[in-house]
Each structure stands twice: as C-alpha cells, then as structure tokens.
There are 4 protein chains.
Amino acid sequence: MSGVNKVILVGHLGKDPEVRHLEGGATVVNFTLATTETYTRDGRKVEQTEWHNVVMWRGLAEIAAKYLQKGKLVYVEGKLRTRSYDDRDGNKRYVTEIVADNFNMLGRKSDNENGTNQSTASQNPSKPEDQMIGMNDNTEDDLPF
Amino acid sequence: MSGVNKVILVGHLGKDPEVRHLEGGATVVNFTLATTETYTRDGRKVEQTEWHNVVMWRGLAEIAAKYLQKGKLVYVEGKLRTRSYDDRDGNKRYVTEIVADNFNMLGRKSDNENGTNQSTASQNPSKPEDQMIGMNDNTEDDLPF
Amino acid sequence: MSGVNKVILVGHLGKDPEVRHLEGGATVVNFTLATTETYTRDGRKVEQTEWHNVVMWRGLAEIAAKYLQKGKLVYVEGKLRTRSYDDRDGNKRYVTEIVADNFNMLGRKSDNENGTNQSTASQNPSKPEDQMIGMNDNTEDDLPF
Amino acid sequence: MSGVNKVILVGHLGKDPEVRHLEGGATVVNFTLATTETYTRDGRKVEQTEWHNVVMWRGLAEIAAKYLQKGKLVYVEGKLRTRSYDDRDGNKRYVTEIVADNFNMLGRKSDNENGTNQSTASQNPSKPEDQMIGMNDNTEDDLPF
DNA sequence: TTTT
DNA sequence: TTTT
C-alpha cells in the first residue's frame, strides 16, 4: 500500500515525439530520452548514455507534441511502469517505461524556437493552489497495449 | 523560466497538524516534520535531526487533518517556499516552508489507527490518467500572511 | 552530456535479497520491490502494484544482505539502467533495473529485528562533509552479465 | 531514525559563487539559485521565482568555484539544513540552505565556455561502482557558523 | 513475489 | 517537537 514510485530525468530527446490519437479521443505521446553520465575511469573520461522510454498522456501529451522535438533538453518527472506485450513470435516481452506526469523544457529560449515561452507542463498545469482541471476520458481501458 | 523546485522528505511528525479554515473556505494545515540522519564519526554513531515546516492546502490539508498525527511516519513531496513576515519588533523575518503537493503514510496499518486504509493523498488524488478535480477557491490572495 | 537519471522508490521487498559474491570479490545483491498505488476509479478503490528490479553493489550490497528481508519497507534511491542479455533461444532481451546508490529502512524498529539500529546506508556511508571511503575493486568488467 | 531529506532544483545562479577557504583547508561555496514557476491564473500568465541558498563543500565546492557563474543553468541535488545565527542585534535568526551533494551543469556547451566539458560533479565524482575518494579534513567543527 |  |  505505502508506495512511492518516482523517476526524475534530465536529458535530450532522441527523436521527435510520436503522437497517437486514440479512439476515445485521448492523445498519447512516446519518445526516447538520453541521459548521459560522465565519469573518470583509470584517468580516462568515459561517457555512458542510458536511453529511456517516456510516455505522456492527454493534456500533457498535447503540450509535448507541440513543444518537444528531437534534441531538446528536458526535465521529466514520472513513474516507472513495466508492461508486457507479445512479440511477433508470440513470446511475452517486457518494457519499462516512464509514465510522465510533468515535464519542463530546459535550455535557452532560443533553443525552443516554437514562438512561445511555454516551458512547464504537468497533468496539473495550473498553480497547485488554484487548480480546476477536468480531463477524464476513461479511454485507457481501450488501449491496444 | 526553466525551473524545478522539488523536496522529498520521509520523517516523523513532531506534533499534530494545526488546522485552520480560512475565510474563503480553504483549509490549511501546518506541521513540523523531523528527518533524522545517522552517520558514524570517529567511530561514534551520531544522529542529526532536521526539522521542516510543512504546509498543506485545501483538499490535501483536509486529508492530512484527518489522518496525520504526531509521531506518524510520512513521505512528503512538495516545493520550497521562503516567505517573509514582520516579527513583533517590526523586523522582516524569513521562514522556509515545504508546500506539499503530495503525501503518503508509511509504516504499518496498526500505526495508523484511524479506521481507514486511506494512505495516499495528493492535490491530484485520482489516477493521473483519470483525473477530474476541481478545487479552486482563489482565496489564497486573502491569506493573512 | 547533461544528464540526470534518478529513481526514488518506497516499497516492500518481494523476496529476500539474493546475494552473489563475484570472483573479483565484489558483492552484488538483487531483489524485487513492490510499490503500490491506491486510487479511486468509478467509486471503487483500486490497488495497482508495480514491481521493480533493484541491484546493489559492494558495500551497499553487504549492508543490504545483512539488514533487508522479504516484506521490509524500504526507501531506495538509484538510477535506471537497461541492460540486454540473450535468452535461452538466443534472442536479445532487455531488463530495466534500478541500480541503487542509497537505501533506508523504514517502519518501526520492531519490524527490523536484526538486533541493530542500522537503518541508513549508501555508497557513501559517512557524513558527506566527512567522507573517507575507498571501495574500489574494478571487478565490474569481469561480471558475467 | 528513518529519514529522507532530499532537494532537487533546476535553476539559474543569481550571482557568481562566493568562495571561502577555511582555516582547516576546506573550501566552501555559496550562491543563490532561482527556480521560476510559470502558471496561468485568471487567463494571465504569471511567473513566480523562488530563491534558494545553496552551499557546497570541499571537492564539490572547488568544482563549483571553477565552473559555475552567474546566470548558468544548473541541476542541484542536496538536503535541507536550517541553521541559526545571531544577527547584529543579538537576536537568533534562522536560514534554510540547500547543502548540495551533487550538481550538474545544464544547457548547451557553448553556454559553459570554460573550455572543458566537465558537467557533472558530486561528493562522489567517480562512477559509483568505481569510487576511490578520500576527502576528509574534519574542519567542519572549526567553522565560524 | 510485497504490503495494508 | 518526532522516531529508533
């Protein structure tokens, strides 16, 4: 019951977000995010990149579709979810994704040339003390995965 | 513009939450939370406790008022906010608080004897993909501090 | 280059840690951790449990081996790492793990009946301002996975 | 005993780090960091900036002194510490600081014109599995605050 | 497979 | 002022 499942990433998008509009009307976005760690080993500088599968839903997905592109530096907050699917050979496979509930574009404005200074987004976009959100489409059950 | 301001605490409440109902109808809750770090110095075990001022608003405050008590172990997530006030001598003073947007009771059920198994709460209590919240009273501007 | 890859979990161990001592002398520990989220959907309370694969190395692994058991409530901090391996059919498979660099036992002492009050551990166990650690065995390259 | 006290910030330095070398040989660095939140209220876009006091010690302080300057975008991870001091009138005052144990320069390389691509630092700078650090000067006790 |  |  007691549970905390939180992921915090800062990295660059490996590709443009892939946008899907589901039957129920919900928008889903997927992209990969690279986080690179630099450390020194035996005097040599080593870079190690980790790739993450990020998923965003609904309102957050729409903002992501509009403002995120390949190469952008972004802060992502979310939770881990491992889901299974059947591969082409009928074998059960697993993927772990980060289901984001918040993101934030980093870097200079000039990097984010989409003409707005929109740079923060969340499932809960208004000020916390001031929220009035109602996005509920219950279509998740219908998802093909 | 780009900004992340996040605090994550796990600790015990130093006192029962202090509940206030504001004119506009909003509920605010304040309590102190102790996080204790144990480390070894010169072979001796040393405990160092840090006290945090936690604030919760509206729906979250109401859940906190109902379920949190002195001594309880709790996970709190929020953001830092430093606000100023005038002390009795008219001098400007500053306090830093954690404005929580989420909490989670930890520990065993028997510790949480309030008769329910409610143990998670957030400004956004439903499932993220399923949210339908509307708590907006805009009273914050009227607050006496 | 710029990278942050951080995971924060609070959950219960699904099994006792599995301890391995590698040829080079390093200790590795693996366990699963359940984080359970409770939310309300259509008026019904729903529990959703996510299982995480946690890995700990060296000094941290040794402390984990000593103090963690199935069922314990624990705070884990670490980073995501997805690694590939070949399954019995020679197909490339992927697993995502949390490589912990810190953990903290939660819950009451009586739950942690191992006779000590050791409850915090990290790759960096002393006080940060006071550290003097040297665990370096460089055996990781020799690991069989 | 059980305690987690973690702060994660992404923001811009409000001034160059202020570097002090203590008698015992330790380096300390202080700077302010601004995190800005943008939200919409009554249809107007509102920006709210929070200022944080960041402190770094020893090795981390030295790297910060070398690479951080006013205006830089940085990720900072640390813990909260509230300390008291006596003001000029002999009154006890409190400040809350973030004692960093990790930082990471964000933004494009060209923004970080110091000639290196050093962009990550921690109290524990090597790869976790590969660490061999020994910075211990025990001078903290001698600090004037 | 955990926990409440 | 909490907790172990």
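Worth knowing before you read on, the calculation uses all heavy atoms, side chains too, and leaves out hydrogens, waters and symmetry mates. Note on naming: letters A, B, ... go to the chains in the order of the sequence lines (proteins, then strands), and numbering restarts at 1 for each one. Only a predicted model underlies this, so the values are computations on that prediction, with no experimental measurement involved.
Protein atom CG of B/Leu106 is 14 Å distant from nucleotide atom C1' of F/dT2, rounded to whole Å. Rounded to whole Å, atom P of E/dT1 lies 9 Å from atom NZ of C/Lys70. Between C/His52 atom NE2 and E/dT3 atom P there is a gap of 16 Å when expressed in whole angstrom units. Put simply, CG on B/Asn104 is 17 Å from P on E/dT3, counting in whole angstrom units. Taking atom CZ of residue B/Phe31 and atom P of nucleotide F/dT1, one finds them 18 Å apart after rounding to whole Å. For the pair C/Met105 CE and F/dT4 P, the interatomic distance rounds to 13 Å; values are reported in whole Å. Separating the CZ atom of C/Phe103 from the P atom of E/dT2 is a distance of 21 Å, rounded to the nearest angstrom. Atom OH of D/Tyr94 is separated from atom P of F/dT1 by 12 Å (rounded to the nearest Å).
When only modelled atom types and interatomic distance are considered, B/His52 and B/Thr32 share no side-chain donor-acceptor pair under 3.5 Å.
The side chain of B/Glu47 lies closest to F/dT4, out of E/dT1, F/dT2, F/dT4. The side chain of C/Thr36 lies closest to E/dT2, out of F/dT2, E/dT1, E/dT2. Comparing E/dT1, F/dT1, F/dT2 by their nearest atom to the side chain of B/Ala34 picks out F/dT2. Ranking E/dT3, E/dT1, F/dT1 by closeness to the C/Thr32 side chain, first place goes to E/dT1.
Stacking of B/Trp51 onto the six-membered ring of F/dT2 is not present when judged by under 5.5 angstrom between centres and under 30° between planes.
Taking A/Val95 as the reference, A/Asn53, A/Arg83, A/Tyr85 meet the side chain to side chain contact (heavy atoms under 4.5 Å, CB included) condition, with sequence neighbours excluded. For B/Asp86, the side chain to side chain contact (heavy atoms under 4.5 Å, CB included) partners at least two apart in sequence or on another chain are B/Lys92.
For C/Asp89 (side chain) and C/Asn91 (main-chain N/O), no donor-acceptor pair under 3.5 Å exists by modelled atom type. With hydrogens and angles ignored, the 3.5 Å screen pairs no side-chain donor or acceptor of B/Asn5 with any backbone N or O of B/Lys79.
At a threshold of 4.0 angstrom between heavy atoms, the contacts of B/Gly11 with the nucleic acid are absent.
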